[in-house]
Structure formats: C-alpha cells, structure tokens
Amino acid sequence: MTPRARQTLMLVAGAGLLAFFVWGAVGLPDFGHYRGPYGLVINHVAGSERQVTNAVASLVFDYRGYDTLGEELILFVSVVGVATLLRETRGEELPAGRDDATEVPDTSDALRVFGVVVVGVTLLIGLYIVAHGNLTPGGGFQGGVILGSAVLLVYLTGELVMVRWVEPGTLLEILHSAGAAGLVLLGLGGLIAGGAFFHNFLYTGTEGGINSGGIIELGNATVGLEVMGATILMASELLEQLLVVRRGSPA
Amino acid sequence: MNVLLGIVLTLLAIAAPAVVMVDDPLRQSMVLGFYGLLLASAFFILQAPDVALSMIVVSSVLIPALVLLALGRIRHLESRDDE
C-alpha cells in the first residue's frame, strides 16, 4: 500500500470515528442527570447498610468486590510476568558476589536531603489514603501506589542501602502475594460465614468511623499491600538490572 | 464549574497532541505527567475524586518512574555495547 493510499484510508477512518464519537457524545445525559438506577440505589444504601461515607469504596470492595478481585489479579499476574521476563533476560549477568556494589556512583547531597524530607510525608499520605478509603476519596490502589513510590524515593536517594535491605524475590514477593491472597480470603470469608462470595461478614461499625465498612476497610488494606508490592517489585526489577549492568561496566 | 471545565478541556486539547509530538522519551514522560495532572483536574471538576486520585498516582508517579528506570537501563546497556 502506498503512503498516499494509507493516508487517505486513515483520514476516512478518522472522519468516521469522529462522526461516531460526536454522535455518541451528543446523546449522553447532561452532567448531574444520571439516569441509571444502580448508582442512585448505592448512594442511598451505602451509608445505612455499610456505614461508609465513600459510596465508591462500598461499590468497589463490597457490592462489586468480585470485579475488584479480577482487576487485582490482573495486576498481580502481569507484574509476576514482568518480573519473570526481566529475570530471564538478566540471566548469567549476575555476578557471584553481588554484595559489593561500590562501583555505583553516589547520589548528590541535594537529592538525599530532598529524599529525607519527602519520604516521611509521602509514607504518611499513602497510609492516610489507604486507611481512610472507606470515608474519603482514595483507597487501596491510590494509597498503594503512593506507598510504593515512597519506597522508590528511598531507592533513588540511597539505592544501595535499599537493594541490600529488600532483596527482590523474597520479602517483596511475599508482600505482593499476601495482598493478593488477602482479598481472595476476604471473599471466601463471606462464603464461609454463610453468605455469598464477598458477603460483608464483619461488623460494619458506626457511620463515619475509621473502622466502619467491615470488609471494605480490610479490602482496602489488602489491595494497598498488593499494589505497593507490585509497584516496588516492578521498579526494583528494573533497578536491579540497572545496578547489575552498572556493576558489570567499569566505573 | 463550566468555565473551569472549559479551561481544563482546552488545555487538554493542547496537551494531548503535545505528548505525541515530543520526540525524546525522557521529555515525553514529563509532558505525559503534566497531561495526566490536567486530566485528573478534569475528573476532579466533574466530581469524581476517586478517579482523579488514581489518575494522579498513575500518570504523574507510576508511569514517569517506570519510564525513567527503563530509560536508565537502556542507556547503560547502550554505553556498554559501545565499549
């Protein structure tokens, strides 16, 4: 196919897509005029049935917890896949004595000071967002990424300490898997307690309380753990390779 | 709200092609982060703070970090091959 024909095809297809898009967008209900009954029902019952003030969290971890389980397992499997692939390509590059990583250049003082100031704050924000997922916007996924990036900051400012401390393949993988398994167990808990899969079998507390929501709050915690593990695992696999490569090349 | 949304949508219309047109992947990851922040503000204005938070952490933290790490790795591999 000549470039000219390809361009013509693209323009025709693009115009068609634009036309369909505009047609679809015009037919959407106006902002604030939601017509589906499901969301209205959830908004109505989330507070009285589950004592949570964030209706989104009640949907994600309770009423449609099964969907979240699927999404979480997608993340879990893809991160395991990435880690496996990266390790495969690393192969024999790994030197026997991998403890001596003295060839890696030191990070600058400015970066280290910045890290010290920011890591604590970032950790706190991450924990807050995970812990208050049932009350305010946020939850396990958002908080988990923030927690993971806090650890990543430590990597970037003083990476050597980190690489020795958290060896990818042991603690990280346990964290990552424990988070994923936790949500499955929460779902099974509902089954064992006599209800359905992801039946909310725990005491749901009082409305607006930090411990309200029963499995919603625990679900946030497990997903937070899983996402944090996934973030660090993926980054550390890339970083580990970086370190190995750096170590292999003369400084 | 409509004025704010109009401003953000206009900025988005400028930022989206900008992401595509930047050639250098390093700079592209930064522009992408900015674009994500704009998109997050649009979600926030449309009263979807949960989605906005996810957008912020994914587009301004996760993607740039992973892209930077991958770029660093590629650079080191290339410098080794040159020797």
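It should be emphasised that the depicted structure is a prediction, and the values quoted were computed from it without experimental measurement. Quick note on labels: first sequence line is chain A, next is B, and so on, each numbered from 1.
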Is any residue of residues 122-133 of chain A within less than 4.5 Å of chain B by heavy atoms, and which ones? A:Ile129

If the contact rule is any heavy atom under 4.5 Å from chain B, which residues of residues 50-64 of chain A qualify, in numerical order? A:Asn54, A:Val56

So which residues of residues 7-44 of chain B are in contact with chain A at a heavy-atom cut-off of under 4.5 Å? none

Can you establish whether the number of heavy atoms outside A:Tyr66 located under 6.0 Å from its atom OH is more than 12? no

Set of side chain to side chain contact (heavy atoms under 4.5 Å, CB included) partners for A:Val82, sequence neighbours left out: A:Leu86, A:Met234

Measure across A:Ser149 and B:Val61 and return the closest heavy-atom pair with its distance rounded to 0.1 Å. CB-CG1, 3.3 Å

Mind checking the CD1-CD1 spacing from B:Ile56 to A:Ile146? Nearest 0.5 Å is all I need. 8.5 Å

Interatomic spacing from CG in B:Leu66 to CG in A:Leu152 - rounded to 0.5 Å: 7.5 Å

Is the shortest heavy-atom distance from the side chain of B:Asp50 to the side chain of A:Phe141 under 4.5 Å? no

